[in-house]
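Just below is one structure, and these are the notes that go with it.
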Number of protein chains: 2
Amino acid sequence: MKTIEVDEELYRYIASNTRHIGESASDILRRLLKLESQKTEPSAEPAPAGVQGEGVRRMLDAGTLAAQDSAIERFMTILSVLYRDNPAAFAQASDIKGRKRIYFADSEAALLAAGNTTKPRAIDGSPYWVITNTNTGRKRNIVTQLMAAMGYAHGLIERVSQSI
Amino acid sequence: MKTIEVDEELYRYIASNTRHIGESASDILRRLLKLESQKTEPSAEPAPAGVQGEGVRRMLDAGTLAAQDSAIERFMTILSVLYRDNPAAFAQASDIKGRKRIYFADSEAALLAAGNTTKPRAIDGSPYWVITNTNTGRKRNIVTQLMAAMGYAHGLIERVSQSI
DNA sequence: GAGGCGATCGTCGGGATATTTT
DNA sequence: ACAAAATATCCCGACGATCGCC
C-alpha cells in the first residue's frame with residue numbers, strides 16, 4: 001500500500017463515490033478510473049489488538065484536534081478518523097442510538113426521519129452521516145459509546161472524548 | 001491535504017500519468033477523473049523563526065501604511081508584503097475561508113464563484129486574489145487569521161491588523 | 001460589473017440550556 | 001414526586017453582501 005496526498009475537495013469526491021461500507025480508496029478509484037479491479041480483501045477482520053488505535057493516537061498527538069476551533073469540527077474529525085481506523089468495527093458500532101433519535105446512518109434522510117432538527121452531517125471519508133444538534137456533553141457521550149463498542153481501550157477513549 | 005492509501009499497482013498507474021515534472025497526485029487524479037482542476041498549493045516549510053517578519057516590520061516602521069487613506073489600500077499593501085515575506089507560508093495559509101465565501105484564490109473567477117459581489121482584487125506581486133467586499137473589522141480578521149496561520153508572533157499580528 | 005468603500009443589518013451555525021421523557 | 005438522560009428550541013456571535021454615503 002502506498003500513500004498519496006489529495007486535496008480536500010478531491011478527497012470528498014472520492015469518498016462520495018463509495019458503493020459499500022468499508023470500501024477502500026483503491027477500490028473506489030479503480031471503479032472511477034475504469035481499471036481492472038484487483039481483489040482487495042474485504043477488510044473485515046478485526047484489527048490486531050496492538051494496532052487498534054494507531055490512527056487515533058496519531059490524530060491526538062498531531063494536534064490536529066486542538067487546531068479546530070469548534071467542538072463540532074473536532075467531533076467530525078474524530079469520527080472520520082475512527083471510521084478510517086477500522087471501517088468494519090465502525091459499521092458494527094454505529095447503531096448506537098438515543099431515546100428517539102438514531103445517531104448514525106448511511107443517509108441524511110434516515111437521520112432527519114428520526115428526530116426534529118437533528119442537523120445531520122456527512123462524515124468525511126466515509127459513507128456515514130451523524131446527528132449534530134447536541135450539546136458538547138452528548139457529543140462526548142456519542143464518541144465514548146462508539147469507541148467502546150469498537151473495542152478501544154478505556155484510557156484512549158477517555159483522552160479522545162475529553163479532547164472534544 | 002488528506003492522505004489516502006492506494007495499492008501499488010494503482011499507484012504506478014497514477015504516477016505513469018504524470019504530465020509534467022512535479023505534478024501532484026491531486027492534479028493527476030483530477031485530470032484522469034475529469035474534475036475541475038484546482039491549483040494545488042506548493043507545500044511550504046515553515047520559515048526560519050528569526051527571519052520571519054522582517055519585511056513586515058519594515059513596512060510598519062516606514063509608515064507606508066499610515067500614508068494610505070483607505071482601509072482597503074492598507075489591506076492590499078499588507079497582503080502584498082506578507083506574500084513577499086514568505087510565499088510558501090502564504091500559500092499554505094491562504095485557504096482560510098468564511099461561512100460561504102473563500103477569501104483567497106489564484107483567480108478572480110474562483111472568488112466570484114463563491115459569493116455575491118465579493119469585489120476581488122489582485123494582490124500585488126503575487127499570483128493571488130482576495131475578496132474585498134467586507135467591513136474593516138473583517139479585513140482585520142482576515143489578516144489576523146492569515147498571519148496566525150503563517151506563524152507570525154502574536155504581538156506583530158496585533159500591530160499589523162490594528163494598523164488597517 | 002465597472003464608482004469605490006465599507007457600515008449596517010439580515011442570515012446562519014454552534015451548542016448551552018430549557019424542556020420533555022423515562 | 002425526584003432524578004437522570006435525551007431532545008430540540010432558541011440565543012448569541014460570526015459571516016455575508018446590500019445599499020447608502022462620499
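Keep in mind that this is a model prediction, so the values were computed, not measured. Heavy atoms only: backbone and side chains are in, while hydrogens, waters and symmetry mates are out. The chains referred to below are lettered A, B, ... by the order of the sequence lines, with proteins before strands, and numbering in each begins at 1.
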Phosphate OP1/OP2 of [N]: any [X] side-chain N/O under 4.0 Å:
X: A:Lys100; N: C:dT21; result: no
X: A:Thr136; N: C:dA16; result: yes
X: B:Arg101; N: D:dA17; result: yes
X: A:Thr117; N: D:dT9; result: yes

**OP:** Please check if the side chain of B:Asn86 supplies one atom and the backbone of B:Leu82 the other of a donor-acceptor pair under 3.5 Å.
**Re:**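 Pair absent, no side-chain N/O of B:Asn86 close to backbone of B:Leu82.
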Original post:
Looking only at atom types and distance, does a side-chain atom of A:Ser80 sit under 3.5 Å from a main-chain N or O of A:Asp124, one as donor and one as acceptor?
Top reply: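 Confirmed, A:Ser80 side chain pairs with A:Asp124 backbone.
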Give [X] one of three labels, base, sugar-phosphate or nothing, depending on what nucleic acid heavy atoms sit under 4.0 Å from its own.
X: A:Thr132; answer: nothing
X: A:Gly137; answer: nothing
X: A:Asn116; answer: sugar-phosphate
X: A:Glu73; answer: nothing
X: B:Phe75; answer: nothing
X: A:Lys119; answer: base

Subject >> Nucleotide nearest A:Arg99 when distance is taken to its side chain, options C:dG1, D:dT7, C:dG6 >> reply: D:dT7
Original post:
Salt bridge or not for A:Asp69 and A:Arg74, using N-O below 4.0 Å?
Top reply: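 Not counted as a salt bridge, because no side-chain N and carboxylate O are separated by less than 4.0 Å.
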Original post:
Could you walk me through whether A:Tyr83 and A:Phe90 pass the ring pair (Phe, Tyr, Trp, His ring centres under 6.0 Å) check?
Top reply: CA-CA 6 Å; A:Tyr83 174 81; A:Phe90 188 101; 5.4 Å; yes
Original post:
For the side chain of B:Asn133 and the base of D:dG16, is some donor closer than 3.5 Å to an acceptor across the two?
Top reply: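 No such pair is found, so the answer is no.
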